[in-house]
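Data first, discussion second: the structure below is written as structure tokens.
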Amino acid sequence: MGKIRAICVSERRGTKKHEVLQAELKEKWGIVGDAHAGDWHRQVSLLSQEKIEEFRSKGADIAYGDFGENLVVEGFDLAALPTGTRLKIGSVVLEVTQIGKECHSHCEIYRRMGECIMPREGIFARVLHSGRIEKGDEVEHIPAEGRRPYTAAVITLSDKGYAGEREDQSGPTARKMLLEDGYEVVEMLILPDEQEMLEHELKRLADSRQVQLILTTGGTGFSKRDITPEATIAVCDRMVRGIAEAIRAYSMTITKRAMLSRGESGIRKGTLIVNLPGSPKAVREALEYILPELKHGLGILSGTEGECARR
């Protein structure tokens with residue numbers, strides 16, 4: 001059981017958050033009156049009281065809200081909670097959606113101290129149930145109801161799609177098939193064929209959002225701009241080339257040109273990354289073939305299923 005030590009809000013983005021004694025939390029929105037509330041996955045930010053005290057012990061003169069946090073919670077190592085964790089505060093229920101946050105420009109705290117704890121210790125959540133909270137309220141960790149669907153993200157690699165010169169049809173095709181198979185699709189992205197940008201997004205989705213399955217479409221051919229396999233290999237801890245080989249083998253029963261695909265598949269931490277071809281037709285064919293088997297692999301990866309050998 002934890003406890004709220006502080007509630008902080010800011011009425012405008014870019015301004016320092018200040019303490020309030022109570023707040024109204026709105027489902028699918030966040031803290032009413034806070035500038036960072038909205039229909040997105042980072043509706044409420046949280047930081048552990050213990051981490052703030054540890055930082056203060058280094059000589060930092062820090063007030064609540066200086067890190068941009070909405071809630072300061074005592075009693076939990078928040079950054080150790082996996083995404084999907086639920087926290088109950090009275091009638092309010094929060095679901096953790098992201099661990100840590102990339103720092104795009106160093107804040108005043110970083111400039112003074114040479115570090116900032118929010119990028120690695122802060123977490124973000126969405127509001128599942130509305131209600132009012134007050135400073136001093138107890139925070140309860142509650143188990144998710146039943147078995148949660150696997151989470152997924154889809155990234156389309158296309159210079160023209162990123163520039164708005166071509167409508168992306170491959171990404172939506174993958175999303176539709178994932179939803180029909182029971183996945184929760186948490187993000188859809190269109191990126192140019194830039195390796196550094198793709199690596200960055202793969203790391204963010206795997207490390208901070210802890211997405212269980214990432215599908216990429218496009219960028220697997222012979223063109224000098226086709227960098228999807230290289231980016232995938234660069235970020236993965238272990239390769240799962242059997243999936244990519246299965247896609248190629250099946251696709252070659254449809255067209256022999258499938259042998260020209262350089263798609264890869266691999267694992268980063270608890271995330272499976274699979275490269276798909278770029279055309280909507282090829283995406284549909286590949287997913288029809290591999291989706292029935294992927295959930296078993298994801299179950300093994302997440303520890304909810306065991307290995308099983310065929311007799």
Side-chain angles (χ1 to χ4, degrees), residues 2 4-6 8 10 13-14 16-17 30-31 34-38 40-56 58 60 62 64-87 94-127 139 141 144 148 151-153 155 184 186-187 189 196-214 231 234-237 267-273 301-302:
I4 294 180
R5 290 292 301 273
C8 307
S10 56
R13 286 178 177 264
K16 178 182 172 181
K17 293 191 185 298
I31 297 178
D34 183 66
H36 292 86
W40 65 324
H41 69 281
R42 283 167 30 196
Q43 295 170 356
V44 181
S45 56
L46 302 89
L47 193 59
S48 294
Q49 167 71 19
E50 291 81 359
K51 300 299 182 181
I52 294 176
E53 290 300 332
E54 182 181 319
F55 195 67
R56 284 173 173 165
K58 299 177 182 179
I62 299 297
Y64 292 134
D66 281 357
F67 291 106
E69 75 278 11
N70 290 124
L71 304 181
V72 178
V73 177
E74 182 181 48
F76 290 116
D77 182 0
L78 295 173
L81 300 177
T83 58
T85 297
R86 295 184 179 185
L87 301 172
L94 305 177
E95 183 178 69
V96 178
T97 56
Q98 180 172 314
I99 308 298
K101 176 182 180 291
E102 181 185 8
C103 184
H104 296 286
S105 58
H106 291 318
C107 62
E108 179 61 29
I109 295 174
Y110 186 95
R111 288 191 286 270
R112 293 201 318 260
M113 299 295 297
E115 66 171 323
C116 177
I117 60 174
M118 192 66 183
R120 66 175 185 272
E121 301 293 350
I123 70 169
F124 297 84
R126 62 179 177 175
V127 182
V139 182
H141 175 202
R148 299 180 66 245
T151 56
I155 303 176
E184 178 186 358
V186 300
E187 286 200 33
L189 301 173
E196 185 176 347
M197 189 179 294
L198 176 55
E199 287 183 23
H200 171 81
E201 292 299 335
L202 291 173
K203 291 175 182 177
R204 179 185 67 83
L205 289 167
D207 300 353
S208 294
R209 297 223 61 190
Q210 298 179 356
V211 174
Q212 292 161 301
L213 174 64
I214 301 174
V235 304
C236 284
D237 308 314
I267 292 169
R268 179 180 175 88
K269 298 182 179 179
T271 300
L272 175 63
I273 303 171
L301 187 58
S302 63

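When the side chain to side chain donor-acceptor pair (under 3.5 Å) test is applied to Q212, the partners found at least two apart in sequence or on another chain are T151. T85 pairs by the side chain to side chain donor-acceptor pair (under 3.5 Å) definition with nothing, not counting sequence neighbours. Scored by the side-chain contact (heavy atoms from CB on, under 4.5 Å) test, A37 finds W29 as partners (sequence neighbours excluded). By the side-chain contact (heavy atoms from CB on, under 4.5 Å) test, E121 pairs with L47, K51, D77, A79, I117, sequence neighbours left out. Residues forming a side chain to side chain donor-acceptor pair (under 3.5 Å) with T83 (at least two apart in sequence, or on another chain): Q210. When the salt bridge (charged side-chain N to carboxylate O under 4.0 Å, His left out) test is applied to R268, the partners found at least two apart in sequence or on another chain are D207. For E54, there are no side chain to side chain donor-acceptor pair (under 3.5 Å) partners, not counting sequence neighbours. Residues passing the salt bridge (charged side-chain N to carboxylate O under 4.0 Å, His left out) test with E50: none are found, sequence neighbours excluded. Not counting sequence neighbours, the partners of E187 by the side-chain contact (heavy atoms from CB on, under 4.5 Å) test are H41, A153, L189, R204, L205, R209. With sequence neighbours excluded, the residues that form a side-chain contact (heavy atoms from CB on, under 4.5 Å) with T271 are A206, I214, I273.
Between L301 and K269, the closest heavy-atom pair is CD1-O, 3.9 Å. Summarising the geometry of F124 relative to S45, their closest heavy-atom pair is CE2-CB, 3.6 Å, with the distance given to 0.1 Å. Looking at every heavy atom in both residues, V139 comes nearest to F76 through O-CE1, 3.5 Å. Across all non-hydrogen atoms, the minimal contact from Y64 to Q49 is OH-OE1, 2.8 Å. The two residues V211 and L213 make their nearest non-hydrogen contact at CG1-O, 3.2 Å. Contact detail for M118 and F67: the closest heavy-atom pair is CG-O, 3.6 Å.
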Stepwise side chain to side chain contact (heavy atoms under 4.5 Å, CB included) check, I155 with L202: CA-CA 9 Å; I155 303 176; L202 291 173; 3.9 Å; yes
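Contact check for R42 versus H36: no side-chain heavy atoms found under the 4.5 Å cut-off. Using a 4.5 Å heavy-atom cutoff, the side chains of V73 and L87 are not in contact. Between C236 and I267, every side-chain heavy-atom pair lies at or beyond the 4.5 Å cut-off.
Note that the CG atom of L71 and the CG atom of L46 stand 4.5 Å from one another [nearest 0.5 Å]. Of the inter-residue distances, the one linking R126 atom CZ with Q98 atom CD reads 13.0 Å to the nearest 0.5 angstrom. A distance of 7.5 Å separates NZ of K17 from CD1 of I31, quoted to the nearest 0.5 Å.
Counting only distance, with no hydrogens or angles, the side chain of N70 and the backbone of C8 share a donor-acceptor pair below 3.5 Å. In this structure a side-chain-to-backbone donor-acceptor pair under 3.5 Å is missing from E74 to R5.
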